[in-house]
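Following: one structure in structure tokens, then a few remarks.
Proteins come first, then strands; the chains are lettered A, B, ... in the order of their sequence lines, and each starts at number 1. Note that the structure is a prediction, hence the values are computed from the model and not measured.
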Protein chains: 2
Amino acid sequence: MSSAAVRDRMLAAGQRITRQRDVVAGVLERARRPLGAGEICDAVTTSDPDVGRATVFRTLHSLVAAEIVQRVTLAGGQSGYLLCAADGHHHHLVCTSCGRTTDLPEAVVAPFLSRVEETHGFTVDHSSFDVHGRCADCR
Amino acid sequence: MSSAAVRDRMLAAGQRITRQRDVVAGVLERARRPLGAGEICDAVTTSDPDVGRATVFRTLHSLVAAEIVQRVTLAGGQSGYLLCAADGHHHHLVCTSCGRTTDLPEAVVAPFLSRVEETHGFTVDHSSFDVHGRCADCR
DNA sequence: ACCTATACTGATACTGCATCTCAATACGGA
DNA sequence: TCCGTATTGAGATGCAGTATCAGTATAGGT
Ligand SMILES: [Mn+2]
Ligand SMILES: [Mn+2]
Ligand SMILES: [Zn+2]
Ligand SMILES: [Zn+2]
């Protein structure tokens with residue numbers, strides 16, 4: 001995902017483009033796996049020591065709200081932040097060995113959620129799946 | 001789930017029975033929804049002010065490791081702890097209105113995970129689903 | 001290019017969850 | 001009852017995330 005594409009998506013979401021947000025987005029663009037809060041703060045500080053901690057979290061929050069960044073749960077249980085090429089909310093497989101993620105196609109998830117709604121009379125507002133294991137490459 | 005049953009399951013998991021663990025388990029037994037860490041600490045202190053904070057978390061950790069207590073994600077994103085009658089690891093629906101949980105039958109989850117493994121060549125080690133919405137009673 | 005409303009920012013203090021240390025204690029099998 | 005060791009409490013510490021608020025920079029209109 002290019003830096004220009006991220007900027008376009010942020011503008012489309014009614015958010016302003018700032019130097020600080022470029023730095024945070026740049027860190028996530030360069031990552032090939034979800035990063036924890038600490039990793040992001042460190043990398044941001046390395047890129048630009050003048051970006052404040054609060055701004056990093058505010059930016060992550062904005063990116064998540066705009067569904068540009070997805071929040072996933074890492075193996076340890078802590079939150080990870082992941083910049084996806086795919087638009088909107090979707091689910092991931094997280095490899096416990098290499099840390100990389102794979103998108104879970106909606107075609108697989110939707111029928112599962114439909115079945116849940118049918119069998120339990122439950123209306124699903126929001127779902128997030130944490131599926132940890134070994135990816136095809138790491139077996 | 002009775003207090004005796006919890007004790008049996010803790011013993012079966014090779015854990016000792018202590019006054020402190022009884023207090024923590026008692027708090028979870030009386031709850032009809034997953035409790036957050038703060039709620040648990042407060043309730044434990046009310047029951048017995050001499051139980052230390054670290055012991056509460058150690059006990060929760062032990063109970064989760066023994067799969068007596070399940071850890072779920074609450075609507076706000078924070079962890080909730082839930083004592084289930086059902087043995088072993090399983091998944092839940094969490095109602096955003098009343099906070100109560102419903103077990104997700106393995107018969108619904110297993111085929112989904114099988115399909116994920118087949119279509120992605122992914123070996124699932126651990127999965128946890130957070131499905132938030134409105135339960136049948138709250139609609 | 002300039003103006004302006006306001007979205008954004010940084011420093012700092014603060015909350016809440018969770019873990020670590022280590023000496024003291026209590027559990028439970030023999 | 002005795003003993004090895006699992007467990008405990010206090011307090012410090014770490015880490016994720018939020019609140020405040022005065023100052024700044026952006027986007028969009030002219
Ligand atoms: Mn993705
Ligand atoms: Mn359950
Ligand atoms: Zn892998
Ligand atoms: Zn409900």
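With distances taken from any side-chain atom of A/R16 to the nucleotides C/dC17, C/dA7, C/dG10, the minimum falls on C/dA7. Considering only the side chain of A/A54, C/dT12 comes nearest among C/dT9, C/dT12, D/dG11. Picking from D/dT26, C/dG10, C/dT19 the nucleotide with the shortest atom distance to the side chain of A/T18 gives D/dT26. Residue A/Q15 has its side chain nearest to C/dC8 when only C/dC8, D/dT8, C/dA18 are considered.
Across all strands shown, A/Q78 has no heavy atoms under 4.0 Å from either base or sugar-phosphate atoms. At a threshold of 4.0 angstrom between heavy atoms, the contacts of A/R7 with the nucleic acid are absent.
Ring-plane geometry between B/F112 and A/F129 is classed as perpendicular, the angle between the planes exceeding 60 degrees on a 0 to 90 degree scale with a lower cut at 30.
B/R7 and B/D22 are joined by a salt bridge, as a carboxylate oxygen and a charged side-chain nitrogen come within less than 4.0 angstrom of each other. With respect to the salt-bridge test (charged N to carboxylate O, under 4.0 angstrom), the residues A/E39 and A/R33 qualify.
The base of D/dG9 sits within donor-acceptor range of the side chain of B/R58, with an N or O pair under 3.5 Å. Remark: the A/R53 side chain and the C/dG10 base include no donor-acceptor N/O pair separated by less than 3.5 Å.
Of the residues near DNA chain C, A/Q20 and B/A37, the one whose nearest nucleotide (by heavy atom distance) lies more toward the 5' end is A/Q20. The 5' end of DNA chain C is approached more closely, in terms of each residue's nearest nucleotide, by A/G14 than by the other of A/G14 and B/H61.
The CG-P distance, from B/L11 to C/dC27, rounds to 13 Å in whole Å. The interatomic distance linking A/D50 (CG) with D/dA25 (C1') rounds to 15 Å, in whole Å. Atom CG of B/D42 is separated from atom C1' of C/dG16 by 11 Å (rounded to the nearest Å).
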Steps toward salt bridge (Lys or Arg N to Asp or Glu O under 4.0 Å) verdict (A/D125, B/R134) | CA-CA 8 Å; A/D125 286 339; B/R134 297 214 148 207; 5.4 Å; no
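Environment of CZ in A/R9: crowded, with over 12 heavy atoms of neighbouring residues, nucleotides or ligands closer than 6.0 Å.
Phosphate proximity of C/dA11 to A/T55: absent, as no side-chain N or O sits under 4.0 Å from OP1 or OP2.
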